[in-house]
2 protein chains.
Amino acid sequence: MRLTMAGEYAVRAILYLSHKGQGVLTSRKEISEHCDVPSQFLAKIAQQLAKSGFIEILQGKSGGYILVKQPQDISLLDVIESVTGEITLNQCVVRPESCKMSGECTVHEIWVEARRKLRSTLKQATFEKLMEKKVCTTIKDNSDNV
Amino acid sequence: MRLTMAGEYAVRAILYLSHKGQGVLTSRKEISEHCDVPSQFLAKIAQQLAKSGFIEILQGKSGGYILVKQPQDISLLDVIESVTGEITLNQCVVRPESCKMSGECTVHEIWVEARRKLRSTLKQATFEKLMEKKVCTTIKDNSDNV
DNA sequence: TATTTATTAGACTAAAAAGGTCTTTTTAAT
DNA sequence: ATTAAAAAGACCTTTTTAGTCTAATAAATA
Ligand code: SF4
Ligand code: SF4
């Protein structure tokens with residue numbers, strides 16, 4: 001029961017872009033190096049983030065990524081579910097028809113509630129709040145970092 | 001981010017045994033059929049449940065499983081983590097050394113908190129509480145069930 | 001305009017995890 | 001001794017994860 005690397009990397013990238021500010025162009029290479037994310041893998045993840053409308057991708061020489069939403073309008077939940085799919089905890093929560101007991105199952109109800117709480121916690125964590133401390137801007141040891 | 005089938009099956013089995021009551025011997029076949037769990041797979045899961053001290057396994061003809069703990073002393077969390085390992089949500093939560101930012105990462109703190117809440121919810125759900133409705137005793141349509 | 005450098009899109013791959021099954025051995029009731 | 005149930009562990013298939021590679025495209029610049 002854990003987040004995938006793709007999800008973790010997506011969060012790092014969006015947080016890095018949040019620090020840069022909305023509308024600022026940042027190269028994939030820069031994000032990749034500072035956030036310790038494999039560059040090509042980031043390219044795949046970025047495509048999904050673009051589809052979901054978090055970033056815009058600029059092609060060509062001196063291309064890169066631009067945050068299009070405001071950090072306060074993006075939550076941890078949004079980013080994670082964008083790349084890993086909905087957090088379900090148990091399949092019967094989103095597909096009650098997958099288990100014939102779901103209608104009268106107390107365990108089912110626990111899962112529904114646990115999922116609601118978890119998603120709520122992650123939904124309340126906006127990237128504006130997450131920026132309070134500097135994070136992922138110096139994942140690599142850049143002692144000469146400005 | 002979801003429970004494995006092994007985890008789900010373990011919960012069904014323990015709940016079934018809870019309905020039978022502590023100390024009552026039940027064959028693997030019976031649990032397997034009523035809870036819709038592959039019999040051989042249940043055998044593997046049961047071994048782990050026995051190691052963790054939830055059940056006792058009786059071998060030989062007319063062998064089976066016996067719940068050794070009281071339902072009120074077993075939580076959903078206990079059973080799930082017994083077969084799937086600790087719920088971590090993000091690896092940095094249990095292994096802060098896996099990411100050098102963990103010490104000053106706001107995202108890390110969200111994960112720690114989210115995990116604490118999730119585990120708490122599952123810890124509070126004891127099998128005594130879960131027995132309130134009849135569950136998993138009739139997963140298969142046994143209209144002639146006593 | 002040609003070159004260079006950046007990204008895209010999708011095929012491809014290796015490794016791990018999930019979800020079981022099969023076989024042999026052991027155990028205990030009859 | 002026979003029979004039926006579980007143990008233990010090897011084995012297997014499929015899915016997911018975590019990427020990489022390559023060809024095509026796009027844009028800045030020499
Ligand atoms: S038994 Fe209950 S918790 Fe398990 S899959 Fe069915 S409805 Fe969900
Ligand atoms: S960046 Fe933060 S949340 Fe992500 S792995 Fe590191 S400490 Fe954990």
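None of the values given here were measured: they were computed from a predicted structure. A note on names: the letters A, B, ... follow the listed sequences, proteins ahead of strands, and every chain is numbered from 1.
- The 5' end of DNA chain C is approached more closely, in terms of each residue's nearest nucleotide, by A:Gln59 than by the other of A:Gln59 and A:Arg2.
- The distance between atom NZ of B:Lys61 and atom C1' of D:dA1, rounded to the nearest whole Å, is 12 Å.
- Atom P of nucleotide D:dT17 and atom CD of A:Gln48 are separated by 14 Å, given to the nearest angstrom.
- Whole-Å rounding puts the B:Leu25 CG to C:dA28 P distance at 13 Å.
- Atom CE of B:Met5 and atom P of C:dG20 are 6 Å apart (whole Å).
- Between the CD1 atom of A:Ile57 and the C1' atom of D:dA27 there is a distance of 15 Å, rounded to whole Å.
- For the pair A:Lys44 NZ and C:dA6 P, the interatomic distance rounds to 22 Å; values are reported in whole Å.
- In terms of position on DNA chain D, the residue among A:Phe41 and A:Gly60 whose nearest nucleotide sits closer to the 5' end is A:Phe41.
- Distances shorter than 4.0 Å separate none of the side-chain N or O atoms of B:Tyr9 from OP1 or OP2 on C:dA18.
- A salt bridge links B:Lys20 with B:Glu30: the distance from a Lys NZ or Arg NE/NH1/NH2 to an Asp or Glu carboxylate oxygen falls below 4.0 Å.
- Between C:dT7, D:dT22, D:dA27, one nucleotide has an atom nearer to the side chain of A:Ser27 than all others, and that is C:dT7.
- The pair A:Lys69-A:Asp78 does not count as a salt bridge, with every side-chain nitrogen at least 4.0 angstrom from each carboxylate oxygen.
- Using a 4.5 Å heavy-atom cutoff, the side chains of B:Val68 and B:Ile55 are not in contact.
- Whole-Å rounding puts the A:Asp36 CG to D:dG19 P distance at 10 Å.
- A:Arg2 has no carboxylate O lying under 4.0 Å from a charged side-chain N of B:Glu86, or vice versa, which leaves the two without a salt bridge.
- For D:dA6, neither phosphate oxygen OP1 nor OP2 lies less than 4.0 angstrom from any side-chain nitrogen or oxygen of B:Gln47.
- The nearest whole Å value for the distance from the CG atom in B:Leu58 to the P atom in D:dA7 is 9 Å.
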